[in-house]
S.K.: 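My structure is below; once you've seen it, I'll send some questions.
Remember, it's a predicted structure, so these values are computed and weren't measured experimentally. No hydrogens, no waters, no symmetry mates; every other heavy atom, side chains included, goes into these values.
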Amino acid sequence: MQTLFEYMIKLTAVYAAAWLFYWLLLSRLTSYKSNRFYLLTAGLFAFIIPLLRLDYFVTPQTISTSGIINNVPSIPVNAFAYMPDESNSPVPVVLITLFISGMIVCLLHFIMQLISFRKTTANAVLIYATDNIKLYNLDIDIMPFSFGRNIYVNRNRHTPAELSDIIQHEMVHAQQSHTADVIIAEFICMLNWYNPFAWLMKIAVKQNLEFLADDTVLKKGANKKSYQYLLLKVTGYSPVNIASSFKISSLKQRIYMMNKTRTSQRHLLKMLFVLPLIAFMMLAFRNDGQMHIANTPNNKDETFMLSELTYNIQDANISQLITNTQDKSLLQSGRSFTIATIKSERDRLKLLLEKNGYNHINSHAITFLIDSTFDNNRCAIEINIDLKRKELSLHNSKLNNTVADKTKDKNFAGVPLFKQS
């Protein structure tokens, strides 16, 4: 449960960054095709970024010693995503129910739009077909629109010259499959109905598609003033929001973009700034526990490779809590660690228990056994976490004292840890 809400918080932050990046750097550019690619890619890739972990690309030791990484503030998602004990509180169930209900409402609204579209176009009459694109006439008071490869107009409400510009506009939508972009944006909003930046991204997608269609029509030779006057003149209702209507977007903004000086190709280099933005988001989403190692005096200890991590937890609720947050553990099988890493993991687990109300435990709350082999060194350490005594004890048998002097911390000093195998 906690992991899900952490993911939702991170996803909201990614969409906020993606939309702000578009609004500040790209929205005023006339490179509409590039903007279309950015909006669609950002909308989909945003689901992946929160799942990327910094230590997939950078070793924990580099994270610990890098001044650049440590100077980037981390987003404290754990503080916002804290959930009460599921066995004692209805809050998680209520929030999950609310989240699912919101998606169901959005899905039902989408289905109702499809039904409305089918009813509106049921009596459409085919008047022209070419290149798998069909033009239909509807004898009702509608605004010209397109959906998929189909275009719908009321030819009795427009002059032949007006129809020519209108059909060219809608042909752009049909030929370039703009309906796919709109439907993808709709589904993104279904999954992020609680996220205002996802809705802003959907508005940006629709608006940019209109800019692109307008720009294409003007490039084909349409008179700019006549075309802009046509935008002001066309009236009627749009049957569904998922269709590309001739007058769906802000007229003032569309006319402004038509009159704007063409953007130089060198401005497309602004797109490259999205790469450091992604890197910054990954740094901000790093686990705070990873940074504890940097401030530990023993961070230059010998490195070992963790082969197995075993827990012994008597309390079922604590066991479930540890399982739910296992992806946050600083000790992962197949990865390297030092004594400082163990100490940081101990502190992380103690803080996790305290945040969840486990402040007075008479016996050891968590015992975990570390088994490691690396360069013929073997480490087998048993760590007991006792919140009442606030101390860490290590138990091991028949282990060599040759490296004991490396551990000067009071919780490790004098304890034999390693032996040559």
Side-chain angles (χ1 to χ4, degrees), residues 7-50 98-117 143-148 169-170 172-174 176-215 237-254 256-257 271 274 277-278 281:
Y7 175 80
M8 291 169 63
I9 292 171
K10 291 179 179 180
L11 186 60
T12 301
V14 171
Y15 272 108
W19 180 82
L20 287 172
F21 181 87
Y22 172 78
W23 183 69
L24 291 174
L25 297 182
L26 305 180
S27 62
R28 293 170 179 80
L29 303 183
T30 59
S31 306
Y32 307 119
K33 290 183 179 179
S34 299
N35 285 354
R36 180 191 182 190
F37 173 79
Y38 168 80
L39 289 168
L40 190 60
T41 304
L44 295 175
F45 192 62
F47 289 95
I48 301 175
I49 294 178
L98 180 63
F99 174 69
I100 295 176
S101 299
M103 288 196 298
I104 292 174
V105 169
C106 291
L107 178 61
L108 291 176
H109 181 258
F110 180 78
I111 294 173
M112 290 175 63
Q113 288 190 81
L114 293 178
I115 294 174
S116 175
F117 168 76
M143 191 182 302
F145 70 95
S146 62
F147 186 79
H169 178 96
E170 298 303 332
V172 176
H173 289 310
Q176 298 184 9
S177 303
H178 290 180
T179 301
D181 297 45
V182 176
I183 291 179
I184 290 174
E186 289 285 343
F187 275 96
I188 287 175
C189 285
M190 287 183 202
L191 299 174
N192 293 270
W193 62 266
Y194 58 89
N195 185 352
F197 294 100
W199 295 92
L200 289 172
M201 288 283 283
K202 184 179 81 167
I203 294 173
V205 166
K206 290 186 174 183
Q207 190 176 60
N208 183 71
L209 293 177
E210 295 304 320
F211 294 160
L212 179 55
D214 292 339
D215 186 60
Y237 79 96
S238 178
V240 286
N241 291 331
I242 55 177
S244 299
S245 297
F246 183 72
K247 196 178 174 180
I248 195 173
S249 190
S250 168
L251 290 180
K252 181 179 179 180
Q253 188 67 14
R254 286 172 68 178
Y256 168 78
M257 295 302 292
M271 286 277 189
V274 75
L277 176 63
I278 294 174
M281 297 300 294

S.K.: Any chance you could lay out the side-chain contact (heavy atoms from CB on, under 4.5 Å) test for Gln253 and Tyr256, step after step, and finish with the verdict?
M.R.: CA-CA 5 Å; Gln253 188 67 14; Tyr256 168 78; 4.1 Å; yes

S.K.: Which atoms form the tightest heavy-atom contact between Met271 and Phe21, and what is the distance?
M.R.: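 For Met271 versus Phe21, the nearest heavy atoms are O-CZ, 4.3 Å.
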
S.K.: To the nearest 0.5 angstrom, please state how far the CG atom of Asp215 sits from the CZ atom of Arg254.
M.R.: 12.0 Å

S.K.: Without swapping roles, check the side chain of Asn192 against the backbone of Ile188 for a donor-acceptor pair under 3.5 Å.
M.R.: yes

S.K.: Minimum heavy-atom separation for His169 to Ala213, with atom names?
M.R.: CE1-CB, 3.4 Å

S.K.: Does atom CZ of Phe37 have more than 12 heavy-atom neighbours from other groups under 6.0 Å away?
M.R.: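 At most 12 heavy atoms, drawn from other residues, nucleotides or ligands, come within 6.0 Å of this atom.
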
S.K.: Can you find a heavy atom in the side chain of Phe45 that is under 4.5 Å from one in the side chain of Ile278?
M.R.: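 A side-chain contact exists here, since the closest heavy-atom pair is under 4.5 Å.
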
S.K.: How many angstroms lie between CZ in Phe147 and CG in Leu114, if you round to the nearest 0.5 Å?
M.R.: 6.0 Å

S.K.: Got a donor-acceptor contact below 3.5 angstrom from the Tyr38 side chain to the Ala18 backbone?
M.R.: yes

S.K.: Under 3.5 Å, is there a donor-acceptor pair between the side chain of Arg28 and the main chain of Trp23?
M.R.: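 Such a contact is found between Arg28 side chain and Trp23 backbone.
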
S.K.: Less than 4.5 Å apart, any side-chain heavy atom of Leu212 and any of Gln176?
M.R.: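 They are in side-chain contact.
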
S.K.: Mind listing the closest non-hydrogen atom pair of Ser146 and Glu170 along with its distance?
M.R.: OG-OE1, 2.9 Å

S.K.: Hey, could you give me the OG/CG distance between Ser34 and Leu39, rounded to the nearest 0.5 Å?
M.R.: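 So the OG of Ser34 and the CG of Leu39 are separated by 11.0 Å.
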
S.K.: Looking only at heavy atoms, which two atoms of Phe99 and Leu191 are closest? And how far apart?
M.R.: CE1-O, 3.9 Å

S.K.: Got a second to check how far Trp199's CH2 is from Tyr15's OH, nearest 0.5 Å?
M.R.: 12.0 Å

S.K.: Can you see which heavy atom on Asn195 is nearest to which on Thr12, and at what distance?
M.R.: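 Nearest heavy atoms, Asn195 then Thr12: ND2-CA, 3.4 Å.
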
S.K.: Quick one: pull up CD1 in Ile104 and NE2 in His109 and give me the separation to the nearest 0.5 Å.
M.R.: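 Spacing of CD1 (Ile104) from NE2 (His109) equals 16.0 Å.
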
S.K.: Might you point out which heavy atoms bring Val14 and Ala46 nearest each other, and give the distance in Å?
M.R.: CG1-CB, 3.6 Å

S.K.: Could you give the distance from CG (Leu44) to CD1 (Ile184), rounded to the nearest 0.5 Å?
M.R.: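 Nearest 0.5 Å value for the CG-CD1 distance: 5.5 Å.
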
S.K.: Can you label the angle between the His178 ring and the His173 ring as parallel, tilted or perpendicular, going by 30° and 60°?
M.R.: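 Aromatic pair His178/His173 classed perpendicular.
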
S.K.: Keeping the roles fixed (side chain from Trp193, backbone from Ile100), state whether a donor-acceptor pair exists under 3.5 Å.
M.R.: no

S.K.: Can you list everything that forms a side-chain contact (heavy atoms from CB on, under 4.5 Å) with Asp181? Sequence neighbours excluded, please.
M.R.: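 Here the qualifying residues are Arg36, Leu40, Val205, Leu209.
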
S.K.: Between Ser116 and Met112 (side chain of the first, backbone of the second, donor and acceptor by atom type, cut-off under 3.5 Å), is there such a pair?
M.R.: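 Here the side-chain-to-backbone pair does not exist.
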
